[in-house]
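The block underneath contains the structure these notes are about, expressed in structure tokens.
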Amino acid sequence: MVTTEVFENLKSLQEILVQKYELEEKKNEAPKQLSIQEGLLAKIQKEFIEQKSNYDATQEKVSQLKVQLDETVKSREEGEKGVANSTTHREYEALEKQIAEAKILEDQLRKDLQKEEKELAELNDALKTSEGTIKQSMDRLNASRDSLNKDLASYDEKLNKLKVQEDKVTKNINNIYSKEENAELKAQEILFKFQRIIQRNSEGIVSVRNGVCSGCHMILPANFANQVREGEDINFCPYCSRILYYEEVSEDQQEDYFDIGAAGSLAGLDEDFDDEDSEYNEDEDEESKSEFEDEDEIDEDESDESEDDEDDDDDSDEEEDEE
């Protein structure tokens with residue numbers, strides 16, 4: 001049968017397309033890992049530039065502090081020499097003041113210089129660490145690029161082979177439909193739909209068992225299931241769009257479907273319901289009757305009790321009259 005040949009070719013095409021789409025996905029995903037590594041490297045390089053800028057600014061500040069410290073030390077030393085050669089008290093006091101101020105400034109400059117030199121050393125260590133990290137990242141990135149190029153070349157090689165196989169199977173399907181009317185259009189429509197199915201699901205051709213699509217597990221309309229069973233044409237599941245073929249099952253696996261002829265007519269169903277209603281009504285009447293009888297008995301008991309109470313009242317009245 002023509003349909004059987006098409007099914008066999010579609011099953012072969014399914015295996016080819018699954019491999020093809022997996023390889024294409026890998027090919028698309030592979031550069032993303034490289035992009036992540038490139039982004040990390042760019043981030044490290046940016047941090048290195050900021051560290052280098054801080055290092056240069058701190059180094060400039062250290063140089064300025066050294067110059068200021070040298071000038072302050074000279075000022076203090078000149079004041080100390082002048083004190084020895086001073087001739088007046090006023091000159092002596094001025095030199096003493098100069099020396100005192102120079103010492104205060106000198107101490108502050110030394111503290112500032114020590115702090116900046118410490119920070120400069122830390123920045124220098126951080127720069128060296130960043131340089132090493134950048135070098136390692138670049139080495140890994142270059143290795144990843146080489147590996148990616150090899151993987152992409154391998155993917156392309158495999159995809160080319162699969163393309164040859166796909167073209168061969170496609171040609172077979174076109175040849176099968178070559179004798180039918182609108183053959184090319186029909187084959188292209190089937191192939192187009194089938195490719196779309198495989199892109200969404202790895203399984204594009206599934207069986208129908210007991211009137212149920214084994215792909216989406218939905219119950220198919222009876223007429224449609226019979227068309228699939230006849231196998232005269234390619235049928236697509238109305239629910240999941242997969243291509244369907246009929247699969248025979250053993251008797252013990254078949255489901256018992258509802259047979260209205262065996263179950264009886266609607267009139268018979270109405271009679272059954274009427275019988276049930278009549279039985280229900282009879283039971284209901286008996287229950288109601290029993291309830292009423294119980295109520296009557298209760299009323300009689302109450303009336304007897306009331307009469308007894310009246311007799312007691314009469315006896316008491318007579319006893320009072322005799323007294």
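Side chains are part of it too, since the values below use all heavy atoms of this structure and drop only hydrogens, waters and symmetry mates.
- Glu38 and Lys32 are not joined by a salt bridge, as no carboxylate oxygen comes within less than 4.0 angstrom of a charged side-chain nitrogen.
- Side chain of Ser75 to main chain of Glu71: no donor-acceptor pair is present (N/O by atom type, distance under 3.5 Å, no hydrogens or angles).
- Using a 4.5 Å heavy-atom threshold, the side chains of Cys240 and Arg200 count as separate.
- Residue Met218 is grouped with residue Phe224 when hydrophobic side chains (ILVMFWY) are merged at heavy-atom distances under 4.5 angstrom, including chains of intermediate members.
- Of the residues Leu162, Ile198, Leu23, the one that meets the side chain to side chain contact (heavy atoms under 4.5 Å, CB included) test with Val18 is Ile198.
- For Arg76 and Glu106, the salt-bridge test passes: some basic side-chain N is under 4.0 Å from an acidic carboxylate O.
- Note that the CZ atom of Phe48 and the CG atom of Leu41 stand 12.0 Å from one another [nearest 0.5 Å].
- Residue Gln114 qualifies as open at atom CD: its count of foreign heavy atoms under 6.0 Å is 12 or below.
- In terms of heavy-atom proximity, Val73 sits nearest to Arg110 at CG2-NH2, 3.9 Å.
- Checked by atom type and distance alone, the side chain of Asn174 pairs as donor or acceptor with a backbone atom of Thr170 at under 3.5 Å.
- At least one donor-acceptor pair closer than 3.5 Å links the side chain of Asn235 to the backbone N or O of Asp233.
- Using a distance-only test at 3.5 Å, with no hydrogens or angles considered, a donor-acceptor pair links the side chain of Ser12 to the main chain of Glu8.
- If you take CG on Leu109 and CG on Leu65, they are separated by 6.5 Å, rounding to the nearest 0.5 Å.
- Inspection of the Asn54 and Glu50 side chains reveals no N or O donor paired with an N or O acceptor under 3.5 Å.
- Using a 4.0 Å cut-off between charged nitrogen and carboxylate oxygen, Asp167 and Lys171 do not count as a salt-bridge pair.
- Residue Thr72 comes nearest to Ala102 through the heavy atom pair CG2-O, 3.1 Å, listed as atom of the first residue, atom of the second, then distance.
- Using a 4.5 Å cut-off on side-chain heavy atoms (C-beta onward), Tyr245 and Thr4 make no contact.
- Not counting sequence neighbours, Glu78 has no partner by the side-chain contact (heavy atoms from CB on, under 4.5 Å) test.
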Glu166 and Lys20: CA distance, side-chain angles, deciding distance, salt bridge (charged side-chain N to carboxylate O under 4.0 Å, His left out) verdict: CA-CA 9 Å; Glu166 181 183 357; Lys20 173 185 174 181; 3.2 Å; yes
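- For the pair Ile173 and Ile190, the minimum side-chain heavy-atom distance is 4.5 Å or more.
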Full working for side chain to side chain donor-acceptor pair (under 3.5 Å) between Asn28 and Glu24: CA-CA 6 Å; Asn28 293 330; Glu24 287 179 346; over 6 Å; no
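- Environment of CZ in Arg90: sparse, with no more than 12 heavy atoms of neighbouring residues, nucleotides or ligands closer than 6.0 Å.
- Between the Ser214 side chain and the Ser207 main chain, a donor and an acceptor come within less than 3.5 Å of each other.
- Contact of the Gln37 side chain with the Leu34 side chain is registered, since non-hydrogen atoms from C-beta on lie closer than 4.5 Å.
- The OG1 atom of Thr133 lies 9.5 Å from the CD atom of Glu47; values are rounded to the nearest 0.5 Å.
- Taking all atoms of both residues into account, the shortest heavy-atom contact from Gly79 to Leu95 is O-CB, 4.1 Å.
- Under the 4.5 Å side-chain criterion, counting only non-hydrogen atoms from C-beta, Leu191 is in contact with Leu13.
- Looking only at distances, no side-chain donor or acceptor of Arg209 sits under 3.5 Å from a matching main-chain atom of Glu248.
- Hydrophobic clustering, with ILVMFWY side chains joined whenever heavy atoms are under 4.5 angstrom apart, groups Leu141 together with Leu148.
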Side chain to side chain contact (heavy atoms under 4.5 Å, CB included) between Ile176 and Asn9, worked out: CA-CA 10 Å; Ile176 293 172; Asn9 281 276; 3.6 Å; yes
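- Side-chain contact between Phe7 and Ile234 is present, with heavy atoms from C-beta onward closer than 4.5 Å.
- Atom CG of Asp56 sits about 9.5 Å away from atom CG of Leu120, to the nearest 0.5 Å.
- Scanning both residues, Ser137 and Ile44, for their nearest heavy atoms gives OG-CD1, 3.6 Å.
- To the nearest 0.5 Å, the span separating NZ on Lys118 from NZ on Lys115 amounts to 10.0 Å.
- Checked for salt-bridge contact, Asp112 and Lys61 miss the test: no charged N lies under 4.0 Å from a carboxylate O.
- Taking each heavy atom of Leu127 and Lys52 in turn, the nearest pair found is CD2-N, 3.6 Å.
- With rounding to the nearest 0.5 Å, the separation of CG in Leu40 from CD in Gln45 is 11.0 Å.
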Trace of the salt bridge (charged side-chain N to carboxylate O under 4.0 Å, His left out) decision for Lys135 with Glu131: CA-CA 6 Å; Lys135 186 179 182 305; Glu131 285 177 349; over 6 Å; no
Gln51 and Ser130: CA distance, side-chain angles, deciding distance, side chain to side chain donor-acceptor pair (under 3.5 Å) verdict: CA-CA 9 Å; Gln51 290 174 344; Ser130 297; 2.7 Å; yes
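- The backbone N or O of Gly204 sits less than 3.5 Å from a side-chain atom of Gln14, completing a donor-acceptor pair.
- For the pair Gly211 and Ala225, the tightest heavy-atom approach, listed with the atom from each and the gap, is CA-CB, 4.4 Å.
- Of the residues Leu244, Val228, Ile197, the one that meets the side chain to side chain contact (heavy atoms under 4.5 Å, CB included) test with Phe236 is Ile197.
- Put simply, the side chain of Tyr21 does not reach to within 4.5 Å of the side chain of Lys26, judged on heavy atoms.
- Cation-pi geometry between Lys150 and Tyr155 is not met: the NZ or CZ atom fails to fall both under 6.0 Å from the ring centre and inside 45° of the normal.
- Atom OH of Tyr239 has more than 12 neighbouring heavy atoms from other residues, nucleotides or ligands inside a 6.0 Å radius.
- Side-chain N or O atoms of Ser144 include one that pairs as donor or acceptor with a backbone N or O of Arg140 at under 3.5 Å.
- Counting heavy-atom neighbours within 6.0 Å of Arg196 CZ, excluding the residue itself, gives a total of 12 or less.
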